[in-house]
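Being a predicted model, the structure only gives us computed values, none of them experimental. Along the sequence shown, the residues carry numbers beginning at 1.
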Amino acid sequence: MSNAYKTVKYMLKSCCPNYLIPSFIKFQYYKKMGKKCDLKNPVTYTEKIQWSKLYRDNKSLSMFADKIEVRKWVKSIIGEEYLIPMVGKVIEDVSDFDISVLPERFVIKANHGCGYNILVDDKEAVDVALVKKKIDEWLSHNFAYEVFEMQYKDITPKIYFEENIRSGDMKDLPDYKFFCFNGKVYCSYTMLDYTLDHDKGRLGFFDKDYKIMPYYRKDYYPITEQLEKPKNYKRMVEIAEALSEGFSHVRVDLYNIDGKIYFGEMTFSTCGGYCKFEPEEFDMILGDQWNLNDGI
């Protein structure tokens, strides 16, 4: 990244006038994707995500992007049994973090962005000072201005804690992410081997019937083999479609532990709209599924 790009990026994140956002989105897209972004007539999936940053009703999406608030809505749609139980209390200031009141195993998360989580398998081994530093960084950061995912802009930053659903003998926690368009699952991707070291994660795309597709993301090692269909997979599809009804596009993330299904999150701009697919044609295929006039 050039020094000039870093400077412009910092200035725009700090105080970005709305009229400059389209230009910076196109600039950022070209830097990350190596090609121009057509915001007037978007056709690929990644172009449509960029368009959605500007023209989607992102204020309406904020509640669904808020990882705490969305739990109430999920409970009303599919039931509380699909929510990962919370432990401890929600905090808004790092000074309120008290590890002594938390169980031996838990997960620390923030509600207002992506990638804000710390997996704790043994709290006795936790560097509390380091965790507090990380929490303080999260709480002071408006994630929306990373790549202009404006659904995060008005979320009040909070820290919450969930049960660690990954049992002690589990080396991995498979993640199932369903791409839904106008309330219907088109495909999903499964992530494996990422839990302890994200850089070693493997990712593969599967169709609605969980048959492997010949598409990958360049930023992960590919899953090339047909995986066994998760237990209660049909129910996972039903849940994803129930939660995605009324949205032109949303990715519904779920976990499945031996048939026990848990809700993960609702994602409206996968990878910030900078996914590099292999082969590249998949960007167009996904884009074809998304009618920007359907729902919010």
Side-chain angles (χ1 to χ4, degrees), residues 1-3 5-16 21 24-25 28 31-32 53 58 61-71 84 86-164 166 173 175 191 194-201 219-220 253 264-274:
M1 186 184 295
S2 68
N3 288 333
Y5 177 54
K6 287 181 179 178
T7 301
V8 173
K9 187 175 181 181
Y10 173 78
M11 290 173 62
L12 286 168
K13 284 183 185 178
S14 302
C15 51
C16 184
I21 293 178
F24 190 64
I25 284 176
Q28 196 169 51
K31 291 288 292 188
K32 291 177 177 290
K53 293 175 182 179
N58 287 304
L61 298 181
S62 289
M63 187 273 285
F64 304 100
D66 185 324
K67 293 173 176 57
I68 296 175
E69 289 300 311
V70 74
R71 292 171 61 94
I84 299 173
M86 292 175 63
V87 295
K89 66 176 183 178
V90 175
I91 63 174
E92 297 185 35
D93 191 287
V94 67
S95 63
D96 293 325
F97 176 68
D98 182 2
I99 198 170
S100 69
V101 302
L102 295 168
E104 292 303 309
R105 305 176 70 254
F106 57 94
V107 181
I108 306 171
K109 294 185 176 182
N111 68 322
H112 64 294
C114 177
Y116 292 153
N117 53 78
I118 299 173
L119 183 71
V120 176
D121 285 325
D122 177 9
K123 78 173 182 179
E124 298 301 321
V126 170
D127 184 331
V128 175
L130 189 62
V131 167
K132 283 187 172 183
K133 181 180 178 182
K134 182 64 67 176
I135 288 175
D136 198 35
E137 290 173 357
W138 292 350
L139 289 172
S140 61
H141 184 58
N142 191 323
F143 188 82
Y145 291 102
E146 280 295 311
V147 290
F148 295 100
E149 296 176 274
M150 305 313 289
Q151 66 268 27
Y152 296 114
K153 176 178 178 290
D154 297 319
I155 297 175
T156 300
K158 298 175 183 178
I159 302 298
Y160 67 108
F161 310 91
E162 288 183 343
E163 284 187 6
N164 188 337
R166 175 177 158 268
L173 180 62
D175 201 353
M191 288 182 63
Y194 70 96
T195 309
L196 298 179
D197 187 346
H198 211 271
D199 291 338
K200 294 181 180 179
D219 51 341
Y220 288 93
D253 298 356
E265 63 181 87
M266 307 277 280
T267 300
F268 294 96
S269 42
T270 296
C271 199
Y274 301 116

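The side chain to side chain donor-acceptor pair (under 3.5 Å) check on S140 picks up nothing, with sequence neighbours excluded. Applying the side chain to side chain donor-acceptor pair (under 3.5 Å) test to D154 and every residue at least two apart in sequence or in another chain returns nothing. Remark: E163 pairs with no residue by the salt bridge (Lys or Arg N to Asp or Glu O under 4.0 Å) rule, at least two apart or across chains. D136 pairs by the side chain to side chain donor-acceptor pair (under 3.5 Å) definition with nothing, not counting sequence neighbours. Judged as a side chain to side chain donor-acceptor pair (under 3.5 Å), and not counting sequence neighbours, K134 has no contacts. Under the salt bridge (Lys or Arg N to Asp or Glu O under 4.0 Å) criterion, D121 pairs with R105, R166, sequence neighbours left out.
In this structure, K32 satisfies the cation-pi test against Y274, with its NZ or CZ atom closer than 6.0 Å to the six-membered ring centre and inside 45 degrees of the ring normal.
At a threshold of 4.0 Å, the pair K67-E162 does not count as salt-bridged, since none of the basic side-chain nitrogens sits closer than that to a carboxylate oxygen.
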- Query: Given F143 and Y116, is the ring pair (Phe, Tyr, Trp, His ring centres under 6.0 Å) satisfied, shown in steps?
  - Reply: CA-CA 10 Å; F143 188 82; Y116 292 153; 5.7 Å; yes
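Looking only at side-chain heavy atoms (C-beta outward), F106 and I99 come within less than 4.5 Å of each other. Using a 4.5 Å heavy-atom threshold, the side chains of C114 and E149 count as separate.
For the side-chain contact (heavy atoms from CB on, under 4.5 Å) criterion with K158, the lone passing option out of D66, I91, V90 is V90.
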